[in-house]
> 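My structure is below; once you've seen it, I'll send some questions.
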Amino acid sequence: MSLHAPALSATVKSPLDLIGKTPMVEVTKIDTGKCRLLLKLESQNPGGSIKDRIAVEMLDAAEKEGWLKEGGTIVEATAGNTGLALTLVGRARGYKVLLVIPDKMSKEKIQHLRAMGADVRLTRSDVPHGHPEYYTDMAERLSQAIPGAYYVNQFANQSNAEAHVKTTGPEIWEQTGGDIDAFVAGIGSGGTITGVARYLKSVGSNAQIILADPVGSTLAGIVNDGVPGPDGSYTVEGIGQNFVPDTADMSLIDKAYSIPDAEAIATARELLLKEGILAGSSSGTLIASALRWCREQTEAKTCVTFVCDTGAKYLSKVYNDAWLADQGLGERELHGDLSDLINRKYEKGDVVVAGPGDTLDTAFKRMKGADVSQLPIIEDGRLVGILDESDLIRIMNTDEITRKERFAKPVASAMTRDLDTLQVKEPLDALIPVFDRDRVAIVLDGETFVGLITRTDLINHLSLNR
């Protein structure tokens with residue numbers, strides 16, 4: 001443990017006064033080869049991400065130039081974090097905020113934005129730049145239709161990079177004492193890597209500038225081969241593009257790594273497990289790239305990258321084993337039978353269940369909490385029935401007792417005992433008749449309950465195993 005306690009800052013009047021001056025920590029429990037890997041914890045900003053820095057700079061410039069006036073509306077296309085930052089700063093200054101967000105973003109980000117008072121519009125994440133439903137195209141169109149609206153456009157806003165020239169770059173230089181051999185960042189809007197690189201070069205640093213790019217983004221190909229890489233889909237949020245943002249100066253970048261989703265997510269989870277740092281998916285991509293660079297070196301060097309945002313925004317994704325399995329990203333043993341379609345297995349405690357003696361109120365709360373429409377009913381370790389929404393509706397309309405008394409009835413009074421069960425070794429085709437009867441497939445291994453298969457599970461399995 002360090003003998004040097006961190007200095008405490010004086011009381012401030014606003015969370016906005018806490019933006020920047022983030023701490024830096026050395027990775028000590030993950031293999032970094034001969035190198036030191038330093039992580040700048042941008043997750044410690046009040047809005048939870050590095051984007052707080054650019055929100056202040058971009059809105060300051062907009063107000064100074066007269067583009068944003070009292071009573072105006074801030075409009076932006078964002079993967080979530082810039083939106084959170086703009087909402088934090090914009091609402092504090094009295095502006096309305098409208099954000100256009102691709103539909104692949106985590107529900108935690110969307111819920112956070114709406115709770116802060118942002119007007120959130122979801123749009124398609126499966127269309128390219130230039131399509132009317134691409135998030136930047138939609139945001140620009142909406143801004144033109146709203147009186148007093150200001151389209152921030154972080155992708156072409158020069159204040160984006162300037163924020164990092166003024167703050168992030170100098171902080172990194174100070175915290176490392178100028179001892180930095182490589183700097184790793186991604187490109188979402190391009191401001192971070194451009195601004196920090198410009199600052200480092202302005203003070204005479206010879207640090208390599210490394211781009212961390214998701215597989216499926218075209219940008220790594222431009223850096224390494226001079227032509228865009230293969231365009232594809234990826235689950236990592238906030239970085240990677242199929243076009244070069246105006247803010248990004250690609251000439252500053254020396255090398256790029258393409259990181260698959262599985263490696264990025266595994267790295268983020270390893271960071272939490274070994275270093276105790278809860279990071280988001282894009283941070284996993286950055287740190288995976290930094291680790292690759294570090295392990296390639298033959299002598300001791302220093303590499304700096306970011307924890308861009310907190311992993312608390314990705315608990316339903318990056319840190320959710322069932323979601324990873326749904327995406328084909330989790331490490332799991334395949335058996336070549338129906339169990340391969342079941343991502344939530346009873347034996348592992350992944351399935352939410354009820355007992356026949358539980359009340360309908362208890363069962364309904366479990367269904368709501370787990371966001372499922374049916375519950376297996378287990379007694380003494382054996383499956384004895386299933387309760388779904390239609391069973392609950394039926395019992396609610398049976399007699400003239402009070403609503404409270406109806407919910408107090410036991411699950412056994414409403415559950416279905418006539419079960420559509422399949423043995424785990426039956427073929428995939430055996431699922432179709434069950435679904436034709438509008439039922440969920442209950443899978444057994446002998447008499448042992450394995451789990452449930454829904455239509456969505458089958459479609460997802462076929463999608464992942466084309």
Side-chain angles (χ1 to χ4, degrees), residues 2 23-42 164 168-187 192-215 217 219-227 229-230 236 239-240 248-277 279 281-308:
S2 172
M24 187 177 281
V25 63
E26 183 175 352
V27 172
T28 59
K29 296 180 176 63
I30 297 174
D31 175 22
T32 60
K34 295 181 178 293
C35 295
R36 294 177 76 214
L37 176 56
L38 307 179
L39 306 180
K40 191 158 173 59
L41 302 183
E42 291 299 299
H164 299 292
T168 320
E171 289 175 29
I172 290 172
W173 190 249
E174 179 183 345
Q175 287 169 304
T176 60
D179 179 16
I180 175 171
D181 298 293
F183 166 69
V184 180
I187 290 179
T192 302
I193 198 165
T194 300
V196 173
R198 282 178 180 164
Y199 178 81
L200 292 176
K201 292 183 185 301
S202 75
V203 293
S205 173
N206 292 318
Q208 277 193 289
I209 307 301
I210 309 295
L211 172 63
D213 208 34
V215 169
S217 168
L219 300 176
I222 294 172
V223 173
N224 293 332
D225 306 315
V227 294
V236 167
I239 59 172
D249 185 347
M250 304 298 283
S251 69
L252 297 172
I253 303 172
D254 300 300
K255 184 175 183 178
Y257 293 97
S258 290
I259 305 296
D261 282 333
E263 183 180 350
I265 288 169
T267 301
R269 291 175 67 118
E270 184 181 18
L271 185 72
L272 177 59
L273 190 64
K274 294 183 177 179
E275 303 286 345
I277 298 172
S281 56
S282 62
S283 302
T285 304
L286 268 59
I287 296 165
S289 297
L291 288 170
R292 286 197 192 184
W293 186 88
C294 286
R295 292 165 183 169
E296 289 173 0
Q297 306 311 305
T298 57
E299 57 187 62
K301 293 183 178 179
T302 299
C303 179
V304 174
T305 191
F306 298 113
V307 173
C308 308

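From a predicted model like this one, the values you see are computed outputs, not experimental measurements. These values consider heavy atoms only, across backbone and side chains, with no hydrogens, waters or symmetry-generated copies. Residue numbers run from 1 in the order of the sequence given.
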> Take L291 and T32 through the test side chain to side chain contact (heavy atoms under 4.5 Å, CB included) and record every step on the way to the result.
CA-CA 6 Å; L291 288 170; T32 60; 3.9 Å; yes
> Can you find a pair of side-chain heavy atoms, one from H164 and one from T194, that are under 4.5 Å apart?
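SC-SC contact between H164 and T194 ruled out.
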> A side-chain contact here means heavy atoms from C-beta on lying under 4.5 Å apart; do Q175 and L38 qualify?
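No; the side chains remain at least 4.5 Å from each other.
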> Between N224 (side chain only) and A256 (backbone N and O only), is there a donor and an acceptor less than 3.5 Å apart?
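Side chain of N224 to backbone of A256: a pair is present.
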> Once you round to the nearest 0.5 Å, how far does CD of E270 lie from NZ of K29?
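Rounded to the nearest 0.5 Å, the CD-NZ separation comes out at 12.5 Å.
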> Do you know which two heavy atoms are closest between I193 and A185, and how far apart they sit?
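Taking every non-hydrogen atom into account, CD1-O, 3.7 Å.
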> Taking atom CG of D261 and atom OG1 of T285, what is their separation to the nearest 0.5 Å?
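The OG1 atom of T285 is 7.0 Å from CG of D261, to the nearest 0.5 Å.
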> Can any side-chain N or O of E26 pair as donor or acceptor with the backbone N or O of R36 at less than 3.5 Å?
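Here the side-chain-to-backbone pair does not exist.
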> Keeping the roles fixed (side chain from S258, backbone from V215), state whether a donor-acceptor pair exists under 3.5 Å.
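No, the answer is negative, given that no donor and acceptor are paired below the 3.5 Å cut-off.
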> Should we say atom NZ of K201 is surrounded by more than 12 heavy atoms from elsewhere, each under 6.0 Å from it?
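Counting other residues, nucleotides and ligands, NZ of K201 exceeds 12 neighbours.
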> Taking atom CD as the centre, does E174 end up with more than 12 heavy-atom neighbours from other residues, nucleotides or ligands that are less than 6.0 angstrom away?
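Result for CD/E174: open.
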> Mark yes or no for whether D181, through its side chain, and C303, through its backbone, hold a donor-acceptor pair below 3.5 Å.
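No; judged by distance alone, with no hydrogens or angles, the pair does not exist.
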> What's the shortest heavy-atom distance between G186 and I239, and which atoms?
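G186 and I239 have their closest heavy atoms at CA-CG2, 4.2 Å.
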> Ignoring hydrogens, what is the shortest heavy-atom contact between I210 and A182? Give both atom names and the distance.
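Taking I210 first and A182 second, the nearest heavy atoms are CG1-CB, 4.4 Å.
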> Drop me the distance from F306's CZ to L41's CG, to the nearest 0.5 angstrom.
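CG of L41 is found 11.0 Å from CZ of F306.
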> Do any N or O atoms from the side chain of D213 and from the backbone of A220 form a donor-acceptor pair under 3.5 angstrom?
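Checked: pair present.
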> Is there a donor-acceptor pair under 3.5 Å between the side chain of R295 and the backbone N or O of D31?
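Yes; judged by distance alone, with no hydrogens or angles, the pair exists.
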> Would one find more than 12 heavy atoms of other residues, nucleotides or ligands at under 6.0 Å from atom CG of N206?
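At most 12 heavy atoms, drawn from other residues, nucleotides or ligands, come within 6.0 Å of this atom.
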> Using side chain to side chain contact (heavy atoms under 4.5 Å, CB included), reason through I259 and R292 one step at a time and then give a plain yes or no.
CA-CA 10 Å; I259 305 296; R292 286 197 192 184; 3.5 Å; yes
> Without hydrogens or angle criteria, can the side chains of K255 and Q208 be said to hold a donor-acceptor pair below 3.5 Å?
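On atom types as modelled, these side chains do not qualify, holding no pair under 3.5 Å.
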> How close do I253 and I209 get, heavy atom to heavy atom, and via which atoms?
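Smallest interatomic distance, heavy atoms only, reads CG2-O, 3.6 Å.
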> Would you please test I187 and M250 for side chain to side chain contact (heavy atoms under 4.5 Å, CB included) and show each step?
CA-CA 10 Å; I187 290 179; M250 304 298 283; 3.7 Å; yes
> Let me confirm one number: the CZ-OG1 distance from F183 to T192, rounded to the nearest 0.5 Å.
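Spacing of CZ (F183) from OG1 (T192) equals 7.0 Å.
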> Do V25 and E275 come close enough that some side-chain heavy atom pair is under 4.5 Å?
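The answer is no; the side chains never approach within 4.5 Å.
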> Hey, could you give me the OG1/NZ distance between T298 and K34, rounded to the nearest 0.5 Å?
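Between atom OG1 of T298 and atom NZ of K34 there are 7.5 Å.
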> Is any side-chain heavy atom of C35 closer than 4.5 Å to one of K301?
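Touching, per the 4.5 Å side-chain cut-off.
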> Looking at every heavy atom in both A290 and L37, which two are closest together, and how far apart are they?
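For A290 versus L37, the nearest heavy atoms are CB-CD1, 3.7 Å.
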> Testing the basics here: between V304 and M24, what is the closest heavy-atom pair and its distance to 0.1 Å?
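Where V304 meets M24 most closely, the heavy atoms are CG1-CE, 4.0 Å.
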> Atom CG in L39, atom OG1 in T305: separation rounded to 0.5 Å?
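The distance works out to 7.0 Å.
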